[in-house]
Amino acid sequence: MTDAGGASDAVPGNLPGAAVERLVEVVGLLRRHCPWTAALDHAALLEYLVEETYELYEAVDDVARTPTPAPELVDELRGELGDVLFQVVLHAQLRAEAGSFGFAEVAGGLTDKLVRRNPHVFAADGSLRSATPAAGGAPWPTSVEGILATWQAVKARERPGRTSPFDGIPHHLPALAFAAKTLGRAGEGGAGEGSIGEGGAGKDRQEPATRSEADLGRELLALVRRAHDAGLDPERALRRAVLDYQRDALDGA
């Protein structure tokens, strides 16, 4: 059975409960009986988390850009998902040993957040909503725009201390991702380029012609080549430009 969004109710594979419980058990045993794993801490794991995340990104992209991915690509994706999951479980295990929380609290917190931020699917108690609102009840959003607006509104209530649209964007993102996230948040936060005054970050904005992703990739590569030929660091240059943009956007908002 497939819903309007194309997702199937039938999920292939075994139920994850026993497999996840065994995974958590194995990670705990490794922490107690493997000297290398026992020596790890959060800081030591960071390099592995970054490496595994990029390997997963590559595996996802290999499958996504292939109309009919070969079985070995799908198997590679499964393996890379597992490697990232291992990082998550291991970090949770470290916190469990410190007495703060474990994997169950991580999974439970995520589940609660997904229920809260998707009121068009779930009632407040986590049950699946009926097809129509209860008598006298407010209708929930059905458009993609309305769903995203609700998600952001709930997120804002969860984190009232965040007053800037750029709060929460990790500064350690690669510069291109940092730039894309910043521009997206600027639009969502009302401080986008189109709404900033002449003295703000949008003063030099020019509307680009619509281009394909392939054309954009070639243009970016040419820009990096120019930077390389000039002896400039394109990563640092873009990162600093994005930070300047954030500052100017907030000053001109």
Side-chain angles (χ1 to χ4, degrees), residues 1-64 66 68-131 140-141 147-148 150-151 154-155 157-159:
M1 176 180 174
T2 302
D3 61 19
S8 173
D9 287 341
V11 180
N14 299 318
L15 293 176
V20 172
E21 289 178 2
R22 175 60 176 161
L23 172 62
V24 173
E25 179 186 26
V26 165
V27 171
L29 291 171
L30 285 172
R31 284 287 294 169
R32 292 194 293 275
H33 300 288
C34 171
W36 183 83
T37 308
L40 294 171
D41 58 18
H42 289 300
L45 284 168
L46 286 176
E47 63 173 297
Y48 302 109
L49 178 60
V50 172
E51 179 182 349
E52 298 295 358
T53 300
Y54 275 110
E55 289 180 0
L56 174 58
Y57 184 105
E58 184 175 333
V60 171
D61 189 49
D62 285 344
V63 169
T66 306
T68 307
E72 56 266 26
L73 289 180
V74 176
D75 192 58
E76 183 71 15
L77 174 57
R78 178 191 57 77
E80 296 300 342
L81 285 166
D83 289 343
V84 172
L85 179 58
F86 173 53
Q87 295 295 310
V88 173
V89 174
L90 190 47
H91 279 285
Q93 177 65 29
L94 291 174
R95 296 321 309 160
E97 293 169 8
S100 50
F101 62 80
F103 184 77
E105 287 73 29
V106 173
L110 174 59
T111 300
D112 292 343
K113 178 167 67 175
L114 292 174
V115 169
R116 284 196 310 272
R117 295 187 183 181
N118 291 280
H120 60 293
V121 176
F122 300 104
D125 63 0
S127 61
L128 192 65
R129 282 196 182 278
S130 60
W140 46 85
I147 291 168
L148 291 176
T150 299
W151 176 284
V154 175
K155 184 177 178 180
R157 289 197 298 270
E158 292 171 354
R159 298 174 176 178

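Side chains are part of it too, since the values below use all heavy atoms of this structure and drop only hydrogens, waters and symmetry mates. In this text the structure is predicted, and so the values were computed from the model without any measurement.
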Q: Any chance you could measure Glu72, atom CD, to Asp75, atom CG, to the nearest 0.5 Å?
A: 8.5 Å
Q | Rounded distance [0.5 Å steps], CG in Leu45 versus CG in Leu90 | A | 5.0 Å
Q.
Whether the side chain of Ser127 engages the backbone of Ala123 through a donor-acceptor N/O pair (distance < 3.5 Å, no angle test) should be reported.
A. no
Q: State the CD-OH distance between Glu55 and Tyr48, to the nearest 0.5 angstrom.
A: 12.5 Å
(Q) Check this for me: Leu110, atom CG, are more than 12 non-hydrogen atoms of other residues, nucleotides or ligands nearer than 6.0 Å? (A) yes
Q: First locate atom CG of Leu148, then atom NZ of Lys155, and finally report the distance between them rounded to the nearest 0.5 Å.
A: 11.5 Å
Q.
Enumerate the ring-ring contact (aromatic ring centres under 6.0 Å, His included) contacts for residues 102-124, please, sequence neighbours excluded, ordered by first and then second residue.
A. none
(Q) Taking side chain to side chain contact (heavy atoms under 4.5 Å, CB included) as the criterion, tell me which of Leu128, Leu114, Ile147 meets it with Val121. (A) Leu128
Q) Measuring from Gln93:CD to Thr37:OG1, what's the distance to the nearest 0.5 Å? A) 11.0 Å
Q. With sequence neighbours excluded, what pairs up with Asp61 under the salt bridge (charged side-chain N to carboxylate O under 4.0 Å, His left out) test?
A. Arg65
Q. If every non-hydrogen atom of Leu73 is compared with every non-hydrogen atom of Val63, which pair is closest and at what distance?
A. O-CG2, 3.7 Å
Q) Between Leu40 and Leu94, which heavy-atom pair has the shortest distance, and what is it? A) O-CD2, 3.8 Å
Q.
Checking Glu76 against Asp62 for the side chain to side chain contact (heavy atoms under 4.5 Å, CB included) test, could you report, in this order, the C-alpha distance in whole Å, the side-chain angles of both residues, the deciding distance, and whether it holds?
A. CA-CA 9 Å; Glu76 183 71 15; Asp62 285 344; over 6 Å; no
(Q) Determine whether a donor-acceptor pair (N or O, by modelled atom type, separation under 3.5 Å) exists between the side chain of Glu105 and the backbone of Gly102. (A) yes
Q) How would you list all residue pairs meeting salt bridge (Lys or Arg N to Asp or Glu O under 4.0 Å) that involve residues 20-40, not counting sequence neighbours? A) Arg22-Glu25, Arg31-Glu97
Q: Could you go through the side chain to side chain contact (heavy atoms under 4.5 Å, CB included) check for His42 and Leu46 one step at a time?
A: CA-CA 7 Å; His42 289 300; Leu46 286 176; over 6 Å; no
Q: State whether the number of non-hydrogen atoms from other residues, nucleotides or ligands found under 6.0 Å of Phe101 atom CZ is greater than 12.
A: yes
Q) If you round to the nearest 0.5 Å, how far is CZ of Arg117 from CG of Asp112? A) 11.5 Å
Q: Of all the heavy-atom pairs spanning Val84 and Glu52, show the shortest one and how long it is.
A: CG2-O, 3.6 Å
Q | Lys113 with Glu158: basic N within carboxylate O range, under 4.0 Å | A | no
